[in-house]
2 protein chains.
Amino acid sequence: MSAPAANEVIHQSVRLKIMSALNAVPRSEALEFARLKAITGATDGNLGAHLTTLEGAGYIKIVKEFVGKKPRTTVAVTTAGRRAFESHVAYLRDILDAAPTTPQT
Amino acid sequence: MSAPAANEVIHQSVRLKIMSALNAVPRSEALEFARLKAITGATDGNLGAHLTTLEGAGYIKIVKEFVGKKPRTTVAVTTAGRRAFESHVAYLRDILDAAPTTPQT
DNA sequence: AAAGTATACTCTGCGCTACAGAGTTGCACA
DNA sequence: TGTGCAACTCTGTAGCGCAGAGTATACTTT
């Protein structure tokens with residue numbers, strides 16, 4: 001069993017919150033920009049930059065649409081994004097599950 | 001609020017590895033500098049700086065001693081360090097638990 | 001039509017931090 | 001004495017996160 005590696009793109013705390021939130025919604029559903037802003041506590045610009053980073057990594061898909069009167073940006077996780085997130089979760093679980101009574105390497 | 005907060009001191013990846021490794025050893029035991037270097041993959045200087053950060057936060061105790069001919073630096077987690085680590089673990093679990101991993105079977 | 005509003009993005013500049021690598025210290029042994 | 005080991009300190013650099021200002025789009029109001 002090879003130890004899973006850390007994913008620094010996902011590990012960053014704001015992006016970790018984003019990926020966690022996206023991963024928690026049912027497949028093929030998305031979250032709105034404003035919702036992510038509330039979840040992460042980031043400013044508009046900062047959140048936009050993090051989303052760009054995640055999109056550049058191929059982990060999320062950004063969709064811009066107009067619903068009635070207002071613009072709405074929705075974000076959904078991609079298959080690669082889910083895989084990467086799950087892999088990082090496995091890495092974290094490795095760390096978190098290290099028990100005081102387990103001298104096993 | 002019931003949601004635990006992130007601890008940025010511990011969240012940093014090298015320090016997370018350090019705290020995880022220290023938390024995994026039995027109470028009142030310690031790890032050697034060289035062991036931590038192998039675990040984290042950091043250089044001497046970098047590891048020393050991270051240890052200083054953790055010590056400054058009160059999370060670890062650094063003990064320098066001479067054993068026979070050689071200097072040995074050992075590092076042990078403090079009570080506050082365990083608490084902080086456990087708190088951060090709770091925070092991460094909050095995030096991870098929202099992420100159903102692909103069932104292996 | 002012109003101005004205003006809401007949403008979300010882009011850009012800029014600042015400050016912090018991680019990092020590698022070089023240099024230093026303390027001790028032991030040849 | 002000077003070589004080697006272990007670990008620390010220092011320095012410079014590069015990159016990143018962040019806030020805030022400014023901008024674009026589409027709709028609303030007057």
Side-chain angles (χ1 to χ4, degrees), chain A residues 5-22 30-77 84 88 91 95, chain B residues 5-22 30-77 84 88 91 95:
Chain A
N7 183 326
E8 293 299 335
V9 171
I10 293 181
H11 192 68
Q12 200 281 332
S13 59
V14 172
R15 292 194 294 266
L16 185 59
K17 288 177 188 169
I18 294 171
M19 292 301 291
S20 163
L22 289 177
L31 286 180
E32 297 183 15
F33 188 92
R35 182 93 187 88
L36 287 175
K37 206 171 74 158
I39 289 172
T40 60
T43 57
D44 286 13
N46 194 13
L47 178 56
H50 282 304
L51 291 180
T52 299
T53 296
L54 289 171
E55 190 181 37
Y59 294 165
I60 62 171
K61 183 99 196 243
I62 301 178
V63 175
K64 307 175 188 185
E65 52 183 344
F66 267 80
V67 174
K69 31 188 103 177
K70 295 178 181 178
R72 192 177 62 177
T73 296
T74 55
V75 181
V77 65
H88 191 66
Y91 164 77
I95 287 182
Chain B
N7 184 326
E8 292 299 334
V9 171
I10 293 181
H11 192 68
Q12 200 282 331
S13 59
V14 172
R15 292 194 292 267
L16 185 59
K17 288 177 188 168
I18 294 171
M19 291 302 292
S20 163
L22 289 177
L31 287 180
E32 297 182 15
F33 187 92
R35 182 93 188 89
L36 287 175
K37 207 170 73 158
I39 289 172
T40 60
T43 57
D44 287 14
N46 194 11
L47 178 56
H50 281 304
L51 291 180
T52 299
T53 297
L54 288 171
E55 190 181 36
Y59 295 164
I60 62 170
K61 185 96 197 252
I62 300 178
V63 175
K64 306 175 187 185
E65 52 183 343
F66 267 79
V67 174
K69 30 188 101 176
K70 293 181 180 176
R72 193 177 61 179
T73 296
T74 55
V75 181
V77 65
H88 191 66
Y91 163 77
I95 288 181

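Every chain is numbered from 1, with letters handed out A, B, ... down the list of sequences.
Whole-Å rounding puts the A:E8 CD to C:dT17 P distance at 16 Å. The interatomic distance linking A:K64 (NZ) with D:dC27 (C1') rounds to 18 Å, in whole Å. The distance between atom CG of A:D44 and atom P of D:dA24, rounded to the nearest whole Å, is 17 Å. A straight line from CZ of A:R35 to P of C:dT7 spans 16 Å, rounded to a whole angstrom. Protein atom CD of B:Q12 is 14 Å distant from nucleotide atom C1' of D:dG17, rounded to whole Å. What separates CG of A:L36 from C1' of C:dC9 is a distance of 15 Å, to the nearest Å. What separates CZ of A:R15 from P of D:dC18 is a distance of 9 Å, to the nearest Å. Here the P atom of nucleotide D:dA7 and the CZ atom of B:R72 are 9 Å apart, to the nearest Å.
Annotation: side chain of B:I60 is in contact with side chain of B:M19 (closest heavy-atom distance under 4.5 Å). No side-chain heavy atom of A:L31 sits under 4.5 Å from any side-chain heavy atom of A:I18.
Residue-level contact check: A:G45 touches the bases, meaning some heavy atom is under 4.0 Å from a base atom.
Residues A:F33 and A:D44 come closest through the heavy atom pair CZ-O, 3.7 Å.
At the phosphate of C:dC19, neither OP1 nor OP2 sits under 4.0 Å from any side-chain N or O atom of B:T43. Side-chain nitrogen and oxygen atoms of B:H50 include none within less than 4.0 Å of the OP1 or OP2 phosphate oxygen of C:dT17. The phosphate of D:dG17 (OP1 or OP2) has no side-chain N or O of A:N46 nearer than 4.0 angstrom. At D:dC8, one or more side-chain N or O atoms of B:T73 fall inside 4.0 Å of OP1 or OP2 (strictly under the cut-off).
Residue B:A34 is the one, among B:A34 and A:A49, whose nearest nucleotide of DNA chain D lies closer to the 5' end (criterion: closest heavy atom).
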What's the verdict on side-chain contact (heavy atoms from CB on, under 4.5 Å) for A:Y59 and A:N7, showing C-alpha distance, side-chain angles and the deciding distance? CA-CA 12 Å; A:Y59 294 165; A:N7 183 326; 3.1 Å; yes

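More than 12 heavy atoms of other residues, nucleotides or ligands sit less than 6.0 Å from atom NZ of B:K17.
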